[in-house]
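Throughout, residue positions are numbered sequentially from 1 according to the sequence presented. Quantities reported herein were computed from a predicted structural model and do not represent experimental measurements.
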Amino acid sequence: MEKEYSLLDKVFSYREEEFLEEIDNDIKSLKDRLKCVDKKEIKNIISSIPKENVELKEKLENGIDDLIADYNILVAYYNKKFYKQGFNDAIMLNCKCNKE
């Protein structure tokens with residue numbers, strides 16, 4: 001069964017690649033404000049924990065990976081949600097202005 005897409009879904013998927021480029025540009029312009037924590041650096045710090053703490057090391061590494069994945073999922077969700085909401089608001093405003 002093929003999933004039906006709304007007009008908003010179609011417009012979003014059409015512009016999604018442009019959003020990714022814009023996000024990269026935004027990150028570059030915000031670089032001075034970001035904390036720029038390097039995942040590799042954190043993994044190196046964790047690997048310096050003594051060998052007898054293997055379970056702790058694994059929990060920390062998995063926790064960091066999960067935290068990053070969760071953050072990325074949330075950012076993607078809100079980007080899509082607010083784009084669609086803004087686009088819908090623009091259409092509704094245009095319709096209201098044309099009626100008057």
Enquirer: Taking only residues at least two apart or on different chains, which pairs with a member in residues 73-90 satisfy side-chain hydrogen bond (donor to acceptor under 3.5 Å, both in side chains)?
Expert: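 Of all non-adjacent pairs touching residues 73-90, those that pass side-chain hydrogen bond (donor to acceptor under 3.5 Å, both in side chains) are Asp9-Lys84.
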Enquirer: Assess whether atom CD of Glu18 is packed by more than 12 heavy atoms of other residues, nucleotides or ligands within 6.0 Å.
Expert: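 Count over threshold, so yes.
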Enquirer: Measure the CG-CG distance between Asn98 and Asn94 for me, rounded to the nearest 0.5 Å.
Expert: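 One gets 4.5 Å once the value is rounded to the nearest 0.5 Å.
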Enquirer: Should Val37 and Ile68 be regarded as members of a common hydrophobic cluster, given that ILVMFWY residues are connected when their side-chain heavy atoms come within less than 4.5 Å of each other, either directly or indirectly?
Expert: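 Same cluster.
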Enquirer: Please report the interatomic distance CG(Asp38) to NZ(Lys43), rounded to the nearest 0.5 Å.
Expert: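 Answer rounded to 0.5 Å: 11.5 Å.
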Enquirer: Find the distance between CD (Glu52) and NZ (Lys57) and round it off to the nearest 0.5 Å.
Expert: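 So the CD of Glu52 and the NZ of Lys57 are separated by 9.0 Å.
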Enquirer: Rounded to the nearest 0.5 Å, what's the gap from CG on Leu30 to CG on Asn25? Could you check?
Expert: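 Between atom CG of Leu30 and atom CG of Asn25 there are 11.0 Å.
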Enquirer: So, Asp66 and Lys59, do they make that salt bridge, N to O below 4.0 Å?
Expert: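 No, Asp66 and Lys59 are not salt-bridged.
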Enquirer: Near Phe82 CZ, under 6.0 Å, is it more than 12 heavy atoms from other residues, nucleotides or ligands?
Expert: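 More than 12 heavy atoms, drawn from other residues, nucleotides or ligands, come within 6.0 Å of this atom.
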Enquirer: If you measure from CG on Asn53 to CD1 on Ile46, what distance do you get to the nearest 0.5 Å?
Expert: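 That separation rounds to 12.0 Å.
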